*Asks:* 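Here it is: the structure, laid out below.
Computed from a prediction, not measured in an experiment: that's the story for all the values here.
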Amino acid sequence: MEEQHEDHGHSTAAWTGVGVILVGAAIAAVAVAIPSVWLGIVGAVVIVAGVVAGKVLSMAGYGGQGHHAQAGGAIDAPDEAGAQTLGKS
């Protein structure tokens with residue numbers, strides 16, 4: 001059976017990379033709506049920058065297994081067995 005990854009995507013590197021990629025995708029979508037080659041190129045460059053930023057932050061220790069990743073502590077999910085919750089559900 002496949003191993004479960006509870007921290008999959010819950011890191012500063014992942015959130016930063018995905019956020020920048022979403023901004024680039026929005027720029028590229030506008031470039032399609034108003035036919036603009038240079039705006040499409042800008043969107044593509046921002047998307048590539050998001051991929052690079054995510055990888056660099058992961059290598060710097062802000063990834064899922066890095067020393068800056070959130071581990072242990074209180075969990076804000078009431079479905080976790082025996083965990084304290086921060087908020088109300």
*Asks:* Please check: side-chain N/O of Thr16 versus main-chain N/O of Thr12, any donor-acceptor pairing under 3.5 Å?
*Replies:*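 At least one qualifying donor-acceptor pair exists.
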
*Asks:* Does Met59 sit in a hydrophobic cluster with other residues, and if so which ones, taking ILVMFWY side chains as linked at heavy-atom separations under 4.5 Å, directly or through other members?
*Replies:*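 For Met59, no cluster forms, as it stays isolated from other hydrophobic side chains.
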
*Asks:* Would you give me the side-chain donor-acceptor pairs under 3.5 Å for residues 45-53, sequence neighbours excluded?
*Replies:*
none

*Asks:* Which pairs count as side-chain hydrogen bond (donor to acceptor under 3.5 Å, both in side chains) when at least one residue sits in residues 42-53, sequence neighbours excluded?
*Replies:*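 Matches after skipping sequence neighbours: none remain.
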
*Asks:* For Ser58 versus Ala13, what's the shortest heavy-atom pair and its separation?
*Replies:*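 Heavy atoms only, the tightest pair is N-CB, 3.5 Å.
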
*Asks:* Residues in side-chain contact (heavy atoms from CB on, under 4.5 Å) with Val18, at least two apart?
*Replies:*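 Val18 satisfies side-chain contact (heavy atoms from CB on, under 4.5 Å) with Leu22 only.
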
*Asks:* Going by side-chain hydrogen bond (donor to acceptor under 3.5 Å, both in side chains), name the pairs with one or both residues in residues 26-39, residues two or more places apart or in two chains.
*Replies:*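 Of all non-adjacent pairs touching residues 26-39, those that pass side-chain hydrogen bond (donor to acceptor under 3.5 Å, both in side chains) are Ser36-Trp38.
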
*Asks:* Would you give me the side-chain donor-acceptor pairs under 3.5 Å for residues 23-34, sequence neighbours excluded?
*Replies:*
none

*Asks:* Could you note down all residue pairs passing side-chain hydrogen bond (donor to acceptor under 3.5 Å, both in side chains) where residues 41-52 supplies at least one of them, sequence neighbours left out?
*Replies:* none

